[in-house]
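Let me begin by presenting the structure, written as structure tokens, before commenting on it.
Keep in mind it's a predicted model, so treat the numbers as computed, not measured. Order of listing sets the numbers, starting from 1, for every ligand and every atom in it. Every heavy atom of this structure was used, including side-chain atoms; hydrogens, water molecules and symmetry mates were not. Residue numbers start at 1 and run along the sequence shown.
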Amino acid sequence: MDIDCPPGDMNANVDSFNAKKVIAETLFIETEAKIRQKLVCYLHVNEIQFGSVGAFAYKDLIHIGTDYHNPKILIIRAFVLEKAKRVERTMKVELEDADRCRAFRLELERRSDRKRAPHRPRNTSGNKLLVLINPYSGQKKALQLWNSHVVPVFEKSELDFDVVFTERVGHGTEIAEKLDIDEYDGVAVVSGDGLVSEVITGFLKRSDRERALKVPVLHIPGGTGNALAASLCYHCNEPFSARDVFCTESALMGARPRYLPLRVLHVETEHDGHKPMFLSAVWGLIADIDLGSERFRWAGMIRLHMEAVIRIAQLPTVAKYKARVSYKPVKDKTLLRKTKLKASSPRDVFGKSHFKYTEVVPCEGPSPNPGPSESSFEEIFKGTHCAGRVPPLDERVPDEWEVIEGEFAFVCLSATSHLGSDLPYLPSQRLNDEVFYLTLIDWKTIPSRFHVAMMMITIDRGDHLDYPFFQVIPVTACRVEPLRKIPSRLDFLFGYSHGKT
Ligand SMILES: Nc1ncnc2c1ncn2[C@@H]1O[C@H](COP(=O)(O)OP(=O)(O)OP(=O)(O)O)[C@@H](O)[C@H]1O
């Protein structure tokens, strides 16, 4: 095995750290089972290996401390993956003397260093998060989830935090708009997707939005849908319990952050005007299920499935929506091939580098000149669209756009892989893709209503992707015009970049 850092990079007093091969040290190791053994400990490229006892990946280490009573002993804590769950494990290692112990600790800290948040100018550091908790989100358990799953991780990783409980609709936006972004390393949001959206909206409204949009936003899944937290875990290959609590896994992302960019899209609707959006915009059956399921909120995330069963039993009468759908297509063969890959497929079928991402570019010099503070979203998004110029709703779509008319069961525009934590809708979708996906079901192409029913109830397994009538079209802009007078939910959208954890 090769050494991953050049000789001389480490403490010169500790000869064994300068070994040409794997860095090794003979130590006494005590595991949680209180077994004391003399073993060789190896520092590999990505992990520390404790002889034959086990190994911790550097990225999973949350704390390295010296024993208060004995300066020769290091205590190393990590949250390791066991049976697709994160569990805390501790190793005590005893070195020959206090100096070796200090050098060993410094080396471990160097290898597992917490990265500077991208909105922080160079040479500044911090270790504090602002935590927003919506006590009414999901099944009103956000506070309980915070206390039992998140606080222990943040405390053990010595992450400082301030907690604010949101008090009303729009509070998250107000907080993000006024936040002193020099004071925090990021904002952790313990809630459903709605409060995350409010925070991003607040950052977009700021005059220093270019820098504010680099403030990391961590979603701790406290709602019933939690599409963003699930999409983030899926993109990062972090196992998560789709039908259970996965707050620990998300909290660890705050303790050991990587900063992924998230694309924010621009939506214009007839009734609500211009808005930012980063998940999905739905029209027809899926929207009806989402809205109708509010009555089953007490049931948690299965509320969507309960409402779906009721609506599906009434097909086709409840879901025939006449519309004109116009879109700017992306005709890319690789992209098209990937649209029907399932979350359960081995990750390599997506392609080796499919889920690779470039971290958000950190601020280097002084803050860029602030933009105007009172801009409308229309102004803010001007010139940022991947699709080039997208006409406003009162203009015709360009001739090169495709236009289809028909009776649809639903039309969905999605920018993330999951519609909810247990709904892996389009697994190939990445968080910062320049394209998003138009998915629809046209009644003309459906053999029978039972096929729609079967397709809908198998989204949690990813089997909906097997149905040929489930159309997936990569686009960079789209417009949906209802042709009957029912409340319209969306009209079109396109991309804009934003950084987050
Ligand atoms: N204290 C509060 N009282 C009422 N509404 C609030 C409060 N705090 C935040 N909100 C609003 O609640 C909205 C929905 O919250 P959020 O997405 O966090 O939970 P949720 O809708 O319960 O999630 P899910 O739909 O996944 O169950 C937010 O957009 C915000 O406007």
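- The shortest N or O to N or O distance between Tyr136 and ligand 1 is not below 3.5 Å.
- Look at Glu249 and Arg86 and you find no salt bridge, because none of the NZ, NE, NH1 or NH2 atoms lies under 4.0 Å from a carboxylate O.
- Annotation for ligand 1: atoms under 4.0 Å from non-hydrogen atoms of Gly170 are 31 (O).
- Across Arg168, Glu167, His219, heavy-atom proximity to atom 6 (C) of ligand 1 is greatest for Arg168.
- Figure legend: Arg263 and Phe436 shown without cation-pi pairing, the cationic atom not lying both under 6.0 angstrom from the six-membered ring centre and within 45 degrees of its axis.
- Within the listing of ligand 1, atoms 24 (P), 25 (O), 26 (O), 27 (O) sit less than 4.0 angstrom from a heavy atom of Thr224.
- Considering backbone and side-chain N/O atoms, Gly223 never comes within less than 3.5 Å of an N/O atom of ligand 1.
- Thr166 places no side-chain N or O within 3.5 Å of a backbone atom of Gly172 that could act as its donor or acceptor partner.
- Of the listed residues (Gly225, Ala227, Gly192), the one carrying the non-hydrogen atom nearest atom 23 (O) of ligand 1 is Gly192.
- Listed by chain and residue number, Ser241 satisfy the side-chain hydrogen bond (donor to acceptor under 3.5 Å, both in side chains) test with Lys85 (two or more places apart in sequence, or in another chain).
- Those atoms of ligand 1 with a heavy atom of Val169 less than 4.0 angstrom away are 31 (O).
- Residues passing the side-chain contact (heavy atoms from CB on, under 4.5 Å) test with Ala227 are Asp193, Leu279, sequence neighbours excluded.
- Residue contact check: Ser191 has heavy atoms under 4.0 Å from atoms 18 (O) of ligand 1.
- Each of Arg461, Met455, Lys342 was evaluated against Asp466; a single residue qualifies, Lys342, per the side-chain contact (heavy atoms from CB on, under 4.5 Å) test.
- Geometrically, ligand 1 and Glu198 share a nitrogen or oxygen pair separated by less than 3.5 Å.
- The atoms of ligand 1 that sit less than 4.0 Å from any heavy atom of Asp193 are 17 (O).
- Heavy atoms of Val196 found under 4.0 angstrom from ligand 1: none, in either backbone or side chain.
- Judged by the 6.0 Å and 45° rule, Arg77 forms no cation-pi pair with Phe56.
- Side-chain contact between Val282 and Val411 is absent, with no heavy atoms from C-beta onward closer than 4.5 Å.
- Nearest-residue assignment for atom 8 (N) of ligand 1 (options Thr166, Leu228, Val190, Ile133; heavy-atom criterion): Thr166.
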